[in-house]
Novice: 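I have a structure I would like to understand better, so I am pasting it below and will then ask my questions one at a time.
When a residue number appears, it is its place in the shown sequence, counting from 1. The figures here come from the full heavy-atom set of this structure, side chains too, leaving out hydrogens, waters and symmetry mates.
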Amino acid sequence: MSNTHAQGTVANTITQKLTEGFSPTHLEVINESNRHHVPPNSETHFKVVLVSEQFDGLRLLARHRLVNTHLAHELANGVHALSIHTFTQSEWDANVQVPNTPNCRG
């Protein structure tokens, strides 16, 4: 499993919860707060790339709901934005492209 960019308390908590909940073969938790108008070292905006067998047979909305359920506490307590990119192993093996996060509009 790959886990890049995770730093800080919130990022580590997100990483831990997703690892425990999904047993991912690939996981990236990227703090993108610095791209937004927040104080330095904030942990409010994240991008998650998650590859798990648990997504087999699930539509995108169901996958996102599962991730949101696992991170409900964080989303209710300081995480303002969560960009979720979920893949099955076969989708990931097909070299899918994870979209770049657009620039902050605020």
Side-chain angles (χ1 to χ4, degrees):
M1 177 186 62
S2 171
N3 181 19
T4 59
H5 310 284
Q7 297 176 7
T9 304
V10 177
N12 287 335
T13 299
I14 291 171
T15 299
Q16 179 182 0
K17 286 186 173 186
L18 295 179
T19 299
E20 291 172 359
F22 294 95
S23 301
T25 56
H26 181 87
L27 173 62
E28 295 178 57
V29 177
I30 305 162
N31 183 350
E32 297 186 326
S33 302
N34 65 335
R35 301 182 66 187
H36 301 273
H37 299 289
V38 296
N41 301 316
S42 292
E43 291 188 276
T44 56
H45 296 70
F46 288 92
K47 178 178 188 173
V48 169
V49 179
L50 179 59
V51 180
S52 174
E53 291 179 9
Q54 290 188 33
F55 298 138
D56 288 344
L58 295 180
R59 292 182 175 201
L60 187 60
L61 183 59
R63 298 176 188 188
H64 286 205
R65 285 181 176 155
L66 282 174
V67 172
N68 284 332
T69 298
H70 279 83
L71 301 179
H73 177 77
E74 289 68 31
L75 291 167
N77 292 285
V79 173
H80 174 74
L82 183 64
S83 173
I84 304 170
H85 304 278
T86 56
F87 304 97
T88 64
Q89 188 62 54
S90 61
E91 291 168 342
W92 187 251
D93 289 343
N95 294 316
V96 297
Q97 295 295 314
V98 176
N100 290 329
T101 303
N103 290 328
C104 179
R105 297 180 72 189

Novice: For residues F46 and V49: do they belong to one hydrophobic cluster (side chain heavy atoms under 4.5 Å, members Ile, Leu, Val, Met, Phe, Trp, Tyr)?
Specialist: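 No.
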
Novice: Once you round to the nearest 0.5 Å, how far does CG of L50 lie from OG1 of T88?
Specialist: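 Separation between the atoms: 11.5 Å.
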
Novice: side-chain contact (heavy atoms from CB on, under 4.5 Å) for L71 and V79? Distances and angles first, verdict last.
Specialist: CA-CA 9 Å; L71 301 179; V79 173; over 6 Å; no

Novice: Do F55 and V29 belong to the same hydrophobic cluster, where Ile, Leu, Val, Met, Phe, Trp and Tyr are linked whenever their side-chain heavy atoms lie under 4.5 Å apart, directly or via other members?
Specialist: yes

Novice: Aromatic ring centroids of H70 and F22 under 6.0 Å?
Specialist: yes

Novice: Could you measure the distance from the CD1 atom of I14 to the CG atom of L82? Nearest 0.5 Å is fine.
Specialist: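 The distance works out to 6.5 Å.
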
Novice: Using a cut-off of 6.0 Å, state whether more than 12 heavy atoms not belonging to E91 lie near its atom CD.
Specialist: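 It does: E91 CD has more than 12 such atoms within range.
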
Novice: How long is the gap from CD1 on I84 to CG on N68, to the nearest 0.5 Å?
Specialist: 4.0 Å

Novice: State the CZ-CG distance between F87 and D93, to the nearest 0.5 angstrom.
Specialist: 12.0 Å

Novice: Calculate, to the nearest 0.5 Å, the distance between atoms NZ and CD belonging to K47 and E28 respectively.
Specialist: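 With rounding to 0.5 Å, NZ (K47) is 8.0 Å from CD (E28).
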
Novice: Quick one: do L66 and L58 satisfy side-chain contact (heavy atoms from CB on, under 4.5 Å)? Show the steps, please.
Specialist: CA-CA 10 Å; L66 282 174; L58 295 180; 3.6 Å; yes

Novice: Tell me whether W92 is reachable from V48 by hopping between hydrophobic residues (I, L, V, M, F, W, Y) whose side-chain heavy atoms are closer than 4.5 Å.
Specialist: no

Novice: What's the separation between atom CD in Q89 and atom CD in Q54, rounded to the nearest 0.5 Å?
Specialist: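 Answer rounded to 0.5 Å: 13.0 Å.
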
